[in-house]
Amino acid sequence: MSVSVVLTADDILRALRRMAHELVEGHHDLDRLILLGVRTRGVPLAERLAAHVAAVEKPVATGALDTTLYRDDYASAGPRPVGRTDLPGSIDGRTVVLVDDVLYTGRTVRAALDALTDLGRPSAVRLAVLVDRGHRELPIRPDIVGKNLPSAPDDHVVVRLEEIDGRDEVELLRAEPTPHADDATEAGS
Ligand SMILES: O=P(O)(O)OC[C@H]1O[C@H](OP(=O)(O)OP(=O)(O)O)[C@H](O)[C@@H]1O
Ligand SMILES: O=c1cc[nH]c(=O)[nH]1
């Protein structure tokens, strides 16, 4: 397996700043916005995004969404701890921006949409992710992306955040190292 750092702490900071600017540009009524972090690492990311938005414009509401009970593998994957969902108030008529660290198959976002339906009726739901690594299994597309990261299906993206992991970093774990061009030539010759 090979491990490479794809985002440093500085890269994450820059990506979040840019994402916050995109949020401000795309949502003129920031009072209607709720940044809802998907547990686990979406929660500190939503709070950081809110801090960047506040620095350039004004404070925005944040919350946390746990999707465990809505996952389509809930029954098959065995018992998992259920986290808290914390809303800053009613989501009815608000624009909810789901915030997550990684977007892969899209199944977590699907579960989040299902959870939202039980919580109220937002006027719109958007999606912001730090890393989009592709390989969607559902018709889900992010609105705001920190980094598009091409990956193989069996790679793994590890997001570490100061608040949870003690440092900021995104790593790409490759199951098989990509063959070096020379190796490929040698193998083929
Ligand atoms: O698009 P998907 O295929 O659903 O994958 C993306 C999800 O996977 C990770 O969560 P994970 O289930 O590992 O839980 P965690 O955030 O609590 O670690 C990540 O934080 C996303 O929520
Ligand atoms: O690579 C992946 C896929 C799903 N969730 C992650 O956190 N990383």
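Read the numbers this way: they start at 1 and go in the same order the structure lists the ligands and their atoms.
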For [atom], what's the nearest protein heavy atom and its distance?
| atom | answer |
| --- | --- |
| atom 17 (O) of ligand 1 | T40 OG1, 2.6 Å |
| atom 9 (C) of ligand 1 | D101 OD1, 4.6 Å |
| atom 6 (C) of ligand 2 | V157 O, 3.6 Å |

Q. Is there at least one pair of N or O atoms, one from V109 and one from ligand 1, spaced under 3.5 Å apart?
A. no
Q: Indicate yes or no: does an N/O atom of R80 lie under 3.5 Å from an N/O atom of ligand 1?
A: no
Q. What do you think, any protein heavy atom under 4.0 angstrom from atom 13 (O) of ligand 1?
A. no
Q. Counting only heavy atoms on the protein side, is anything nearer than 4.0 Å to atom 20 (O) of ligand 1?
A. yes
Q | Connected hydrophobic set around L65, excluding itself, where side chains approach under 4.5 Å | A | I34, L36, V38, L87, I91, V96, L98, L103, V109, L113, L116, L119, V125, L127, V129, L138, I140, V145
Q | N/O separation below 3.5 Å, R133 to ligand 2 | A | yes
Q.
Between ligand 2 and V102, is the shortest N or O to N or O distance under 3.5 Å?
A. no
Q) So between D100, T68, L98, whose heavy atom ends up nearest atom 22 (O) of ligand 1? A) D100
Q) Between D11 and T8, does any side-chain donor sit less than 3.5 Å from a side-chain acceptor? A) yes
